[in-house]
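Input: a single structure, listed below in structure tokens.
Order of appearance sets the numbers: ligands from 1, and atoms from 1 within every ligand. Residue numbers run from 1 in the order of the sequence given.
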Amino acid sequence: MANRSLRAPKGTFDLLPPHSEAVLAVREAMGEQVRLAGYGYIETPAFEDTALFVRGVGASTDVVTKEMYSFTSKGGDELTLRPEGTASVMRAVLEAGLANGPLPLKLWYSGSFYRYERPQAGRYRHFSQVGAEALGSNDPALDAELIITAVDIYRSLGLRQVRLLLNSLGDGTDRPAYRDALVTFLDALDLDEATRARARINPLRVLDDKRESVQQQLVDAPLMPDFLSSPNREHYDTVRMLLADAGVSWEEAPRLVRGLDYYTRTAFEFVHDGLGAQSAIGGGGRYDGLAESLGGPSVPAVGWALGVDRTLLAMQAEDVVMAGAASVDVFAVPIGAAAARKAFAIVLELRRAGVRADLAVDGRGLKGAMKAADRSGAALTVVIGDRDLEQQQAQVKTMSTGDQIAVPLDRVVDDVLTALSRAASGGNKQ
Ligand code: AMP
């Protein structure tokens with residue numbers, strides 16, 4: 001067989017420098033804001049028992065019916081690569097007995113998720129999310145806190161064109177009446193058999209149908225907000241009051257149902273209009289019944305997941321430039337083997353002093369090595385030529401000005417450290 005070159009699987013991609021730095025920076029910005037709000041970091045396995053997602057995410061959802069990477073392990077276990085994070089977080093919390101401890105529990109995660117979707121711009125089979133969950137409380141302050149934290153994340157990343165869509169989906173007290181009204185309404189429509197079958201499992205899902213032919217028929221559909229019980233309306237009102245107090249604006253989205261079945265009461269989505277069809281850059285809501293559907297006690301909770309990949313696409317769409325961090329501060333250019341040994345030692349000493357430093361390798365000549373120094377983005381280059389070595393000195397070149405001074409080898413590290421800290425404090429003054 002011909003030796004076919006191996007490629008990343010369909011719907012996946014590699015993150016390579018320098019773009020990968022922007023991905024890290026986005027994840028870090030997300031983590032920073034949730035930590036400010038007191039969320040602790042949680043990590044769960046990339047695969048779980050398939051039953052967790054079937055029970056947790058819901059049997060009528062696209063995620064469970066079409067998109068799961070499920071497999072039988074060599075030991076006969078039915079496992080699935082996680083398509084989302086909330087069910088795993090709840091499983092971990094119940095398993096560790098944390099729901100019996102001090103509440104609310106505030107947790108955040110960052111990781112890879114897997115869905116067998118039709119790949120297109122912004123929709124991948126392997127993607128990255130940062131999520132935050134507040135478990136063990138009914139307080140609408142937590143719904144508001146999470147929404148505002150996400151808004152602050154997008155702001156801190158420089159995004160201006162993010163819209164917040166907000167709805168309340170009710171719960172076991174008021175949704176059955178709404179469901180009946182919706183079923184009666186849907187029964188009278190001209191829908192294909194597949195859609196009818198979906199409606200029988202979860203009629204709310206039909207509201208989420210993207211086809212124009214279906215949406216046209218839904219113009220007069222009954223809407224959940226008109227059916228909310230008074231406690232649920234009060235909850236929703238408080239969320240909106242706290243958002244308004246925080247200066248956050250939103251759009252009422254009475255048809256927003258979200259793609260996962262566990263949501264109750266508050267549901268929200270962040271959309272960006274620069275992204276085409278895959279406009280959702282994050283979303284979440286309350287999931288007060290999830291713990292019980294996993295066989296646990298009642299643990300009311302609320303959370304969100306933000307798509308890291310789509311957030312970056314949104315930043316590109318808005319031309320937001322992440323400060324492109326140079327890869328190193330200092331680059332050493334040794335000419336010849338003896339100089340290479342000395343440069344290696346200097347670079348190590350700089351790294352141990354906390355300076356990002358690198359050096360030319362492969363015995364590169366001066367011209368090639370200086371090109372590498374340029375590419376590295378280093379502020380300073382330490383050149384050690386043959387004559388320098390004889391004279392026990394190095395040339396320290398300031399890349400921005402081209403100024404170059406000879407420095408005794410045993411003072412290079414100290415001089416470089418001084419020059420860098422001078423440049424840093426000079427930068428701060430501006
Ligand atoms: P969900 O778990 O479906 O609520 O998704 C939360 C966020 O994750 C979405 O708003 C997207 O930004 C992102 N996301 C979900 N599925 C994908 C995917 N297949 N590819 C890229 N991003 C995704």
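In this structure S156 satisfies the side-chain contact (heavy atoms from CB on, under 4.5 Å) test together with A29, Q33, sequence neighbours excluded. D237 is linked by a side chain to side chain donor-acceptor pair (under 3.5 Å) to R240, counting only residues two or more places apart in sequence or in another chain.
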Audit row: R200, E193, salt bridge (Lys or Arg N to Asp or Glu O under 4.0 Å) steps and yes/no: CA-CA 11 Å; R200 277 193 291 274; E193 196 34 53; 3.0 Å; yes
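Side-chain atoms of R265 never come within 3.5 Å of backbone atoms of Y236 as a donor-acceptor pair (strictly under, hydrogens ignored).
Nearest heavy-atom pair across G31 and V34 is O-CG2, 3.2 Å.
Within the structure, the salt bridge (charged side-chain N to carboxylate O under 4.0 Å, His left out) test picks out the following pairs touching residues 272-286 (sequence neighbours left out): D143-R286, R163-D273, R286-D288.
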N/O contact list for ligand 1, threshold under 3.5 Å:
residue	atom	partner	partner atom	Å
ligand 1	2 (O)	R115	NH2	2.8
ligand 1	2 (O)	Q129	NE2	3.3
ligand 1	3 (O)	R115	NH1	3.0
ligand 1	3 (O)	R115	NH2	3.3
ligand 1	4 (O)	R258	NH2	2.6
ligand 1	5 (O)	Q129	NE2	3.3
ligand 1	8 (O)	Q129	NE2	2.9
ligand 1	10 (O)	A280	O	3.2
ligand 1	10 (O)	G282	N	3.0
ligand 1	12 (O)	A280	O	3.0
ligand 1	12 (O)	I281	O	3.3
ligand 1	19 (N)	E117	OE2	2.5
ligand 1	19 (N)	Y124	N	3.4
ligand 1	19 (N)	Y124	O	2.8
ligand 1	20 (N)	Y124	N	2.9

